[in-house]
Each structure stands twice: as C-alpha cells, then as structure tokens.
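Naming: A, B, ... by sequence-line order, numbering from 1 per chain.
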There are 2 protein chains.
Amino acid sequence: MKSYDRLSERQRSILRYMEQYIDQNGFPPTIREIGLATDINSTSVVNYNLNKLVQAGYLTRSGRVSRGLRLVGKGDNEMRKIAPVNNGLRVPMVGHIVASEPVAIPEDAGHYYDQDSIINVTPDMLGGADPALVFALRVKGDSMIDAMVADGDIVLLRKQETAKQGDMVAVWLDENGETTLKLYYPEGERVRLQPKHPHMAPIYVDARHCHVRGKVLTVIRRVN
Amino acid sequence: MKSYDRLSERQRSILRYMEQYIDQNGFPPTIREIGLATDINSTSVVNYNLNKLVQAGYLTRSGRVSRGLRLVGKGDNEMRKIAPVNNGLRVPMVGHIVASEPVAIPEDAGHYYDQDSIINVTPDMLGGADPALVFALRVKGDSMIDAMVADGDIVLLRKQETAKQGDMVAVWLDENGETTLKLYYPEGERVRLQPKHPHMAPIYVDARHCHVRGKVLTVIRRVN
DNA sequence: TTTGACTTAGAACCTGTGTTCGTTTACAAT
DNA sequence: ATTGTAAACGAACACAGGTTCTAAGTCAAA
C-alpha cells in the first residue's frame, strides 16, 4: 500500500474549482458540476476522486446529501489543529459482518479491498497493535446489539486466532453458521460467549466449533 | 409591493436557522430541513416565505437548484483556503458525562485545554462539522446504556443549543438535574427523549426544562 | 356578512443529484 | 504473457428535494 498520496492533477483541479465555486455561489457544487468543470465525463469518477480527497484530508463529505462537501482547513480560530499531529493511519475496510454470513478476513497476502473502503484512524485507536494486522468491518443489522454494537458501526479488529478471557472477539460459529461479536470466556471443552449487555444470558458452544477471527480493538459509530 | 415589510417571526426564524446551518455545515439547508427546524410542515410554505425573504432583500436564490440559497451581506470571502492538513485533528476532551452531574461545556471565549485532555480524530469522524465547535466527553457509568453508549466510551459532540428531530443529543434536564444522551424528538410543548435501545419506553419532558448542549457526532469505544 | 389579500396545508409531480455496478483501459510488477 | 491495481467510463437506480396546484384558514376592510 503506497503511502505517499501526491494529488493528481485532476484532484488538484477539483479543489481549485470547488474553492472558486464556493466563493462565488456560497454553496458547494454538485458532482456533475465538478465533472463538467474539470472535464470528467462520469459522475462516478468525480465521486471516486472526491473520496480520494477525503482520504487525503482535503475535504469532508456528508454522505447522501446533495452538495454535501466541505473544504477542510477553513480559517479556524486558534491553535486547535496547528500541531502537525501524528498522521492518521489507514485501515482497510474488508467488508461487512452480518448474521448468517461469513466474514471475509484478509488473508496473509492476497487482499483486494478497493480503495474506497479505507478508513482513517489515529494510532491511539489501535491500542498499540501492529497496523498491518488491523482491519475494519462495518456491522450490518442489529444482531450484535447485545454486544453494544449497533447497525452501521465500524469495528476495528486485530487479526488473530486466539483470544484471552474477556476479549471482545469476532468468532465464527460452525453451529450457527455465522460470525458474531461476543465476549470470549474459555471454559475447558466449551466456550462461554457472554453478551455485553447486562441481564442477558450467555451462549455456550463447543470450543472446536468456535473459531476466533479477530479481536476487537475499537468500535466507532458515526451518528447521523 | 410595500417594501417596508417587517419580517414575520417565521421568516426571522428561517434566517436564524439558515445562518446557523451554514455556519455549521458549510452549505445551505434544504427546504425540507428548514421546514423541520422552524415547525413548518409544508414545503410550499417554506418556499413561499423564502420568496418573501428574497423580496425583502435578505437572501438570493438560484432557481431549481438544491440548496440554492444565499444569505446576502454574508461573508462572501471567508478566507477559505485549501490547507493540506494532515489526517489528524485535535479535539479537546472537556470532561465526563455522568448522571447527576452537569457537564462543563466549553464556552466560545478563548479556552485552554491541557495536553492530556486532547484526543486525535480524523476529519471524517466530524461529519463535516466545524472542528472548532467539536469537543469530546468521556462517558462514566452505565446510565446511558439504553442509548447504546457504554461506560468509558468517548463521544464527540458538536456544540449547539438546538437539535433536529432524531438527533442524538446531550441534554440537561432541570427536573432530574442531570445530563444524558438521548434521541431528540420535539413535540410541541414537550420533548420526547427516545432511548436508542429498542423496546424501551421514551421519556417525556417539558421543552422549557430541557436544554440541548450538543449533538453527538461519533461514539468511540476502546475495547480492552 | 362578504370580499380579497395574505398565509398555511398537503399532496403530486418530476428533475436533480448521489450512489452503485459492470466493464474497460493504462501501467507496473512478476 | 499474466496478474494485480489504480483510474476511468457510462448507464441505471433511487430518492432527495424543488416546483406546482388545489384547497382552505385567517383577518382586516367594506
């Protein structure tokens, strides 16, 4: 994963246009307007490059709303963000975690996540884990609500096949044919999977049919 | 047309909302958003009043364009320059949010936060909000567990005194003498505070004794 | 009471606009 | 050549959101 993102001429051109457009109109342009102005004949390409710019930290987007663009770094007050700060890390979003569907865990080498699915995080969110082993999943459905994880949440996991008592892990259950997030408590032959929500009964499964995929490091939930 | 029209309360309300919204999001609101915020339940009425405001010279419109609104006399040139900005932003952690204790919200005036209480986040976690208005709180206790927020979680909030329907907000309740996180649903004289957890009964409070402190943008939970 | 200007509602309509997806090209590495 | 990946394309989709229309409620003046 190459880490220098030199902006392409196109991306620079988009920024230039946006700056001018906003200054001129008081609101950001649409994807199609950007395309027209920068000689891009496909909205998806504009969209693609906009996401690149978000990754590079040049702007932020409000998903699914028209003109939901915003240039980062508008004249702020104070020192707030002055300090260079450690750079963000980039973590691959390898898919969704849904009940009744296995999770595609990135194998040692062959990973093929598309660029769009890379999220930025800060080092402290990894809790010291090797960034190379960290991946992200988006939670679909409320099946993990008893683990205090809601639909749409993003979980950062560290790839590993074992777990310590009390770890919050993503486990594949042969029996149920699904992957879930639970608290992990090995008890000899069997494993107790304790929902995090108080007053909810634990699940017991055979240790041989319970495969740890990764340990949860952080849960991120974007609200609205 | 008599040009000396004093603005109606509604129209003034629209202007107020627009100003706040633009400041907050960097682009103007939609007709429907305006309606929602100013208790107008018909898009045509909003449209009607917007045209009035144009007549009165308070704003200009770009026909048949989404968010084609522009406050007149409002900063055209606000020094929006493209600042590369690396992926990290710094957000002050202003304290804890606990049942039965008020939250210290940072005031506009110059404030000084000590190093330890600053956390790093990435721009996309702010959902387009002005970084200068964002602050963080650490959740103490399980009192907000019905809002899917657990002990130890960090919540990123945007400082604001108003909220839209469905927003997850930090509200101060005179009655209970505490601040909590809930989903905000204004219903005329009263406010319905809906816990996020399904199958849990909402709380109803008098709108006058319910003060919004900030809107939750993101919830971050470090596991283990 | 009637009239007419002003304001509000609600729904229907339809274009604008973000999103997604299958495909294709360019280029570098193996 | 073969493979893998970044980048581009264009079409289709879905719904957000501006526009328009009909109807009705308010209120002051006649």
Side-chain angles (χ1 to χ4, degrees), chain A residues 1-14 18 21 25 27-56 59-70 90 92-93 95-96 106-118 138 224, chain B residues 1-2 4-14 18 21 25 27-56 59-70 128 164 166:
Chain A
M1 177 183 316
K2 74 176 151 205
S3 52
Y4 326 50
D5 357 65
R6 188 76 191 171
L7 295 185
S8 74
E9 180 47 45
R10 251 184 185 176
Q11 288 156 6
R12 232 183 327 268
S13 167
I14 290 178
M18 277 189 58
Y21 187 103
N25 296 289
F27 47 86
T30 67
I31 283 185
R32 282 176 177 77
E33 284 171 324
I34 294 175
L36 212 62
T38 56
D39 277 315
I40 301 177
N41 342 345
S42 176
T43 58
S44 63
V45 176
V46 176
N47 189 54
Y48 173 83
N49 284 291
L50 286 177
N51 286 331
K52 284 291 186 194
L53 288 169
V54 170
Q55 280 175 27
L59 42 87
T60 59
R61 301 186 70 178
S62 299
R64 216 179 297 109
V65 311
S66 64
R67 304 166 193 276
L69 300 169
R70 184 192 178 108
R90 320 177 85 191
M93 175 99 69
H96 303 281
E107 289 309 324
D108 309 299
H111 20 283
Y112 57 93
Y113 4 89
D114 59 320
Q115 272 297 63
D116 291 340
S117 57
I118 285 187
R138 183 177 293 279
N224 282 342
Chain B
M1 85 186 72
K2 48 189 165 174
Y4 243 80
D5 273 328
R6 187 190 147 82
L7 298 183
S8 74
E9 180 47 46
R10 243 178 192 182
Q11 288 156 4
R12 226 182 333 270
S13 168
I14 289 178
M18 279 191 56
Y21 187 103
N25 297 289
F27 47 85
T30 66
I31 285 185
R32 283 176 176 78
E33 284 173 323
I34 294 175
L36 211 62
T38 56
D39 277 316
I40 302 177
N41 10 17
S42 177
T43 58
S44 63
V45 176
V46 176
N47 189 54
Y48 174 84
N49 282 290
L50 286 177
N51 286 331
K52 283 291 180 194
L53 286 169
V54 171
Q55 278 175 30
L59 45 85
T60 60
R61 301 186 70 179
S62 300
R64 61 187 39 246
V65 179
S66 68
R67 304 170 193 274
L69 300 168
R70 196 174 310 109
K164 283 186 309 186

Engineer: Which distance, rounded to the nearest 0.5 Å, do you find between the CE of B:Met18 and the CD1 of B:Ile34?
Structural biologist: 5.5 Å

Engineer: Roughly how far, to the nearest 0.5 Å, is the CG atom of B:Leu53 from the CZ atom of B:Arg12?
Structural biologist: 10.5 Å

Engineer: CD1 of A:Ile40 versus P of D:dC9: gap in Å, rounded?
Structural biologist: 7 Å

Engineer: Round to the nearest Å and state the distance from A:Tyr48 atom OH to C:dC21 atom C1'.
Structural biologist: 16 Å

Engineer: Tell me the bend of the helix from C:dT1-D:dA30 to C:dT30-D:dA1 as the angle between end helix axes, each from five pairs, rounded to the nearest 10 degrees.
Structural biologist: 10°

Engineer: Pull out every protein N or O sitting under 3.5 Å from an N or O of nucleotides 26-28 of chain D, one pair per line with the distance.
Structural biologist:
none

Engineer: Does anything in residues 33-45 of chain A form a salt bridge (charged side-chain N to carboxylate O under 4.0 Å, His left out)? List the pairs, not counting sequence neighbours.
Structural biologist: A:Glu33-A:Arg67

Engineer: Taking atom OG of B:Ser66 and atom CZ of B:Arg32, what is their separation to the nearest 0.5 Å?
Structural biologist: 11.5 Å

Engineer: By side chain to side chain contact (heavy atoms under 4.5 Å, CB included), which residues pair with B:Arg61, not counting sequence neighbours?
Structural biologist: B:Ile31, B:Asn47, B:Leu50, B:Asn51, B:Val54, B:Leu59, B:Leu69

Engineer: Checking A:Asn41 now: which residues fulfil side chain to side chain contact (heavy atoms under 4.5 Å, CB included) with it, not counting sequence neighbours?
Structural biologist: none

Engineer: What integer distance in Å separates B:Asn49:CG from C:dA9:P?
Structural biologist: 10 Å

Engineer: Round to the nearest Å and state the distance from B:Leu36 atom CG to C:dG10 atom P.
Structural biologist: 14 Å

Engineer: If the condition is side chain to side chain contact (heavy atoms under 4.5 Å, CB included), which residues does B:Ser13 pass it with, not counting sequence neighbours?
Structural biologist: B:Glu9, B:Arg16, B:Thr38

Engineer: Could you state the interatomic distance from CG (B:Leu36) to OG1 (B:Thr43), rounded to the nearest 0.5 Å?
Structural biologist: 12.5 Å

Engineer: In whole Å, I'd like the distance from the CG atom of A:Asp39 to the C1' atom of D:dA8.
Structural biologist: 14 Å

Engineer: Which letters describe nucleotides 10-22 of chain D, given B = protein heavy atom under 4.0 Å from base, S = only from sugar-phosphate, - = neither?
Structural biologist: BB-----BBBBB-

Engineer: Ignoring hydrogens, what is the shortest heavy-atom contact between A:Pro28 and B:Phe27? Give both atom names and the distance.
Structural biologist: CD-CB, 3.2 Å

Engineer: Verify the contact: side-chain N or O of B:Lys52 to OP1 or OP2 of C:dC6, cut-off strictly under 4.0 Å; return yes or no.
Structural biologist: no

Engineer: Residues in side chain to side chain donor-acceptor pair (under 3.5 Å) with A:Asn25, at least two apart?
Structural biologist: none

Engineer: Please answer whether the main-chain N or O of A:Gln11 pairs with a side-chain N or O of A:Ser8 as donor and acceptor at a distance below 3.5 Å.
Structural biologist: yes

